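This report concerns only the one structure given below.
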Amino acid sequence: MNLIRIAKAWEISENEVTSSTFYYNRRRFLKTLVGAGIGASLIPLGGCQKSSSAMALEDSLNRPKIPSVNPNPAFASVDRPVTEQELAGRYNNFYEFGSGKNIWLKAQKLPTENWKVEVTGLVKNPKTYDLDQLKKTFPLEERIYRFRCVEAWSMVLPWIGFPMRSLIEAVEPTSKAKFVRFTSFYDPKITEGPTLHLGGLPWPYEEGLRLEEMANELAFFAVGIYGHELPKQHGAPIRCVLPWKYGFKGAKSVVKIEFLEQKPATYWNTLVPNEYDFEANVNPTKPHPRWSQATEKFISKGPGLSWELKETFPYNGYGEYVASLYR
Ligand SMILES: Nc1nc2c(c(=O)[nH]1)N[C@H]1C(S)=C(S)[C@@H](COP(=O)(O)O)O[C@H]1N2
Ligand SMILES: [Mo]
């Protein structure tokens, strides 16, 4: 059995994508793991484990089908093909389960039964929804969206869900509400990413928007992808999708939605303020301090993870919907 994890060329090394402080901490974290003799748990793929891994991956993606969902004709296709399901399902960011890209197996620990989403704060109708209520209250549709990570890789993903605007209409924010905060599931006993060992990370993962951004036609809650309920690695059972912004704005596994008067603090912005701003709109002319954002590595076809270099568009190609929000 091959226990050495060989870095694949397509894996963007973590020091390229996170700040040097964070990288330093991560190295300390890895040392702790190796010291504790549990380094082997970092190696889900490779050697003779491969076929069972491939089966486990298939299992993780094979969530119940979501029946009779209408494609929204305004978002039925984009200028490039939809990324293969298996590629999208094994190349993820979900730091609660680790700081690498292949956290799909570890994310299977996420407990999604009896999930509740609390909608609270400056609203006339605060309400705690369970998943069935959400799916019954808000008609589901399919939308094919471009997806652009701040690390400069991209995909095209077929989400199933409902517009955030529908939730706004149901809970009726008061005139004081100016912002919204999304909070992800967090339990240090279950989420084994750089949590206990690193300390000081601003868990839980939180993200936010201005209320007008949330009310935009594009802002979407996803409960499914590729015709199925969301796999855990994609942020089951409900996550945010904001296609004109960098991927980190889309909090996964949302448990709380709060309407606020003040701009909320957010995870990456708190951790590295000069690299990840609150707005985080996709902008090819504004480089990240450590790399260009002018192009992207578009991941679409297997086998193996390879990419095509593509031009990055302002607002990720969604300017006609959102540019007016930023004038
Ligand atoms: N709770 C939580 N949400 C998160 C993240 C995370 O680490 N934790 N990563 C973000 C980042 S950086 C990206 S690119 C996307 C990745 O979504 P995907 O793995 O479904 O493609 O999720 C975003 N949402
Ligand atoms: Mo990202």
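Atoms within a ligand are numbered from 1 in the order they appear, just like the ligands themselves. None of these values were measured; they are calculated from a predicted model. We're numbering straight along the sequence, starting at 1.
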Practice problem: List the closest protein heavy-atom neighbour of atom 20 (O) of ligand 1: residue, atom name, distance to the nearest 0.1 Å. | Solution: H234 ND1, 2.8 Å
Quiz item: Quick check: are there more than 12 heavy atoms from other residues, nucleotides or ligands sitting under 6.0 Å from CG of N125?
Solution: yes
Practice problem: Validate the cation-pi geometry between R239 and F221: distance from NZ or CZ to the six-membered ring centre under 6.0 Å, angle to the ring axis within 45°. | Solution: no
Practice problem: Could you tell me whether the side chains of K101 and N93 share a donor-acceptor contact shorter than 3.5 Å? | Solution: yes
Exercise. Quick one: look up the protein heavy atom nearest atom 9 (N) of ligand 1 and list residue, atom name and how far away it is.
Key: N93 O, 3.4 Å
Quiz item: Nearest protein heavy atom to atom 19 (O) of ligand 1, by residue and atom, and its distance?
Solution: K252 NZ, 2.7 Å
Quiz prompt | With R148 via side-chain hydrogen bond (donor to acceptor under 3.5 Å, both in side chains) - residues at least two apart | solution = Q293, E296, T312
Quiz item: Is ligand 1 less than 4.0 angstrom away from at least one heavy atom of G250?
Solution: yes
Quiz item: What are the atoms of ligand 1, with element, lying closer than 4.0 Å to any heavy atom of F94?
Solution: 1 (N), 6 (C), 7 (O), 8 (N)
Quiz item: Relative to the heavy atoms of C149, which atoms of ligand 1 are at a distance of less than 4.0 Å?
Solution: 14 (S)
Quiz prompt | F278 six-ring centre to K263 NZ/CZ under 6.0 Å and within 45° of normal | solution = yes
Self-check item: Atoms in ligand 1 flagged as close to F147, the criterion being non-hydrogen separation under 4.0 Å
Solution: 14 (S), 15 (C), 16 (C), 17 (O)
Quiz item: Out of curiosity, is R239 lining ligand 1, as in a heavy atom under 4.0 Å away?
Solution: yes
Exercise. Would you kindly specify which portion of E96 sits under 4.0 Å from ligand 1, judged on non-hydrogen atoms: side chain, backbone, both or neither?
Key: side chain
Quiz item: Counting heavy atoms only, which of Y246, Y95, Y267, Y205 comes nearest to atom 10 (C) of ligand 1?
Solution: Y205
Self-check item: Atoms of ligand 1, numbered as shown, that sit under 4.0 Å from any heavy atom of N92
Solution: 18 (P), 19 (O), 20 (O)
Quiz prompt | All side-chain hydrogen bond (donor to acceptor under 3.5 Å, both in side chains) counterparts of D59, not counting sequence neighbours | solution = none
Practice problem: Decide yes or no on side chain to side chain contact (heavy atoms under 4.5 Å, CB included) for F75 and L218, but give the supporting numbers first. | Solution: CA-CA 10 Å; F75 306 108; L218 297 176; 3.5 Å; yes
Quiz item: Measuring from Q85:CD to H228:NE2, what's the distance to the nearest 0.5 Å?
Solution: 5.5 Å
